[in-house]
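A short worksheet on the structure shown next.
This chain uses plain numbering: 1 for the first residue, then up along the sequence. Quantities reported herein were computed from a predicted structural model and do not represent experimental measurements.
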Amino acid sequence: MVVGENAEVISVSLSRDHSFGKRPTDSIDLIEGIGVAGDAHSGVTVQHLSRIRRNPSTPNLRQVHLLHAELFDDLRAHGHVVRPGELGENITTRGIDLLGLPVGARLVIADAVIAVTGLRNPCRQIDSFQAGLLGQVLRKGPDGEVERLAGVMGTVARGGRIRTGDSIIVELPPEPRRPLTPV
């Protein structure tokens, strides 16, 4: 078990419809195997509209979207002001390297547990929200590899209520660990 130093939830958000952003709220309830109660993307099978069109029976590996607030700091330095929930995340964190987690890492937040499944694959809708933003969250790294910076996705391994200010404990899976890829 790894405890993230000062790792915490700084905002929680949800949306009942398939809008791009989500509305911040005081708390969210996670339902095991389903996702965020009342959120359009919760379900056992895929709920993102483009994925439903491809194969509606695919398991939903994107029940919960987590995004690191440190990204907002970086985006601000590039002229983009983004607030919690505006990129569609359910949980905005601070003090944890979400993108550096391996597949299967477990995030214990209050009574809830989220199993990290992969990276969010940002889409063109981000540029509809703010012109040029997609290029800031989908970049080429120094080695030429594509870097996806728009957070991670996960499934609910144990339900519970999550509130702003809750601390985050990271449990790493056994070796060998696999790096995150888009889901």
Side-chain angles (χ1 to χ4, degrees), residues 4 7-53 60-76 78-96 98-99 107-134 136-138 148-168 182-183:
E8 69 174 325
V9 174
I10 67 158
S11 183
V12 292
S13 304
L14 62 87
S15 178
R16 296 190 188 292
D17 59 26
H18 286 274
S19 58
F20 179 72
K22 296 186 185 295
R23 181 183 51 79
T25 187
D26 293 332
S27 65
I28 56 174
D29 292 314
L30 301 188
I31 302 169
E32 186 173 327
I34 303 292
V36 179
D39 191 85
H41 294 110
S42 64
V44 174
T45 56
V46 293
Q47 297 300 309
H48 287 76
L49 298 176
S50 63
R51 292 168 187 264
I52 289 172
R53 285 190 288 277
N60 188 1
L61 301 178
R62 301 164 53 110
Q63 294 173 355
V64 183
H65 177 196
L66 298 100
L67 186 71
H68 51 295
E70 292 83 357
L71 178 64
F72 300 156
D73 303 335
D74 182 54
L75 293 174
R76 192 173 299 107
H78 291 91
H80 295 279
V81 176
V82 180
R83 289 177 281 290
E86 290 185 335
L87 292 181
E89 78 274 13
N90 300 108
I91 301 172
T92 310
T93 67
R94 186 168 290 282
I96 181 173
L98 291 174
L99 302 176
L107 305 177
V108 181
I109 309 171
D111 292 331
V113 177
I114 299 166
V116 177
T117 56
L119 296 168
R120 176 184 182 195
N121 195 20
C123 65
R124 291 179 301 215
Q125 286 181 311
I126 290 177
D127 270 346
S128 297
F129 170 65
Q130 281 187 28
L133 188 56
L134 180 60
Q136 296 301 316
V137 297
L138 190 64
R148 290 169 175 82
L149 307 175
V152 301
M153 308 304 285
T155 58
V156 180
R158 184 175 69 216
R161 179 164 286 175
I162 296 177
R163 294 178 178 86
T164 299
D166 283 345
S167 61
I168 303 169
V183 293

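Inter-residue side-chain proximity for Asp73 and Arg94 is flagged as met; some heavy-atom pair is nearer than 4.5 Å. Considering only heavy atoms from C-beta on, Arg62 stays 4.5 Å or farther from Val46 through its side chain. Side chains of Glu89 and Ser13 form no contact here, defined as non-hydrogen atoms less than 4.5 Å apart. With contacts defined as side-chain heavy-atom distances shorter than 4.5 Å, the pair Val152/Leu99 qualifies. Side-chain contact between Val36 and Asp29 is absent, with no heavy-atom pair separated by less than 4.5 Å.
By the salt bridge (charged side-chain N to carboxylate O under 4.0 Å, His left out) test, Arg23 is found to be paired with no residue, residues two or more places apart in sequence or in another chain being considered.
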N/O donor-acceptor pairs under 3.5 Å from side chains in residues 109-120, not counting sequence neighbours:
residue	atom	partner	partner atom	Å
Thr117	OG1	Leu61	O	2.6
Thr117	OG1	Met153	O	3.1
Arg120	NH1	Leu87	O	2.7

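For the residue pair Leu149 and Leu67, the shortest heavy atom distance occurs at O-CD1, 4.1 Å. Minimum interatomic distance between Asn121 and Pro182 (heavy atoms only, all atoms of both residues): CB-CB, 4.0 Å. The two atoms that bring Gln47 and Ser42 nearest to each other are CG-O, 3.2 Å, heavy atoms only. Across Leu134 and Pro122, no two heavy atoms sit closer than the pair CD1-CB, 3.8 Å. Counting all heavy atoms, side chain and backbone alike, Gly95 lies closest to Glu70 at N-OE2, 2.7 Å.
If you take CD on Glu86 and CD on Gln130, they are separated by 7.0 Å, rounding to the nearest 0.5 Å. Note: Thr25 OG1 to Leu14 CG = 6.0 Å, rounded to the nearest 0.5 Å. Remark: His80 NE2 to Phe72 CZ distance equals 13.5 Å, nearest 0.5 Å. Atom CG in Leu138 sits 12.0 Å away from atom CZ in Arg124 (nearest 0.5 Å). Once rounded to the nearest 0.5 Å, the distance linking CZ of Arg83 with OG of Ser11 reads 11.5 Å. Rounding to the nearest 0.5 angstrom, the gap separating the CG atom in Asp26 from the CD1 atom in Ile28 is 12.0 Å.
With salt bridges taken as basic N to acidic carboxylate O contacts below 4.0 Å, none links Arg163 and Asp166.
Remark: the backbone N or O of Gly132 is paired with a side-chain donor or acceptor of Asp127 at under 3.5 angstrom. Between the side chain of His41 and the backbone N or O of Gly35, no donor-acceptor pair lies under 3.5 Å. Judged purely by atom type and a 3.5 angstrom limit, Gln63 uses its side chain to pair as donor or acceptor with the backbone of Val156.
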Please walk me through it: do Leu107 and Ile96 pass side-chain contact (heavy atoms from CB on, under 4.5 Å)? CA-CA 10 Å; Leu107 305 177; Ile96 181 173; 3.9 Å; yes

Trace of the side-chain contact (heavy atoms from CB on, under 4.5 Å) decision for His78 with Leu133: CA-CA 9 Å; His78 291 91; Leu133 188 56; over 6 Å; no

Steps toward side-chain contact (heavy atoms from CB on, under 4.5 Å) verdict (Leu75, Val137): CA-CA 8 Å; Leu75 293 174; Val137 297; 4.2 Å; yes

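With Ile168 as the fixed residue, the side chain to side chain contact (heavy atoms under 4.5 Å, CB included) test singles out one of Thr93, Leu98, Ile91: Thr93.
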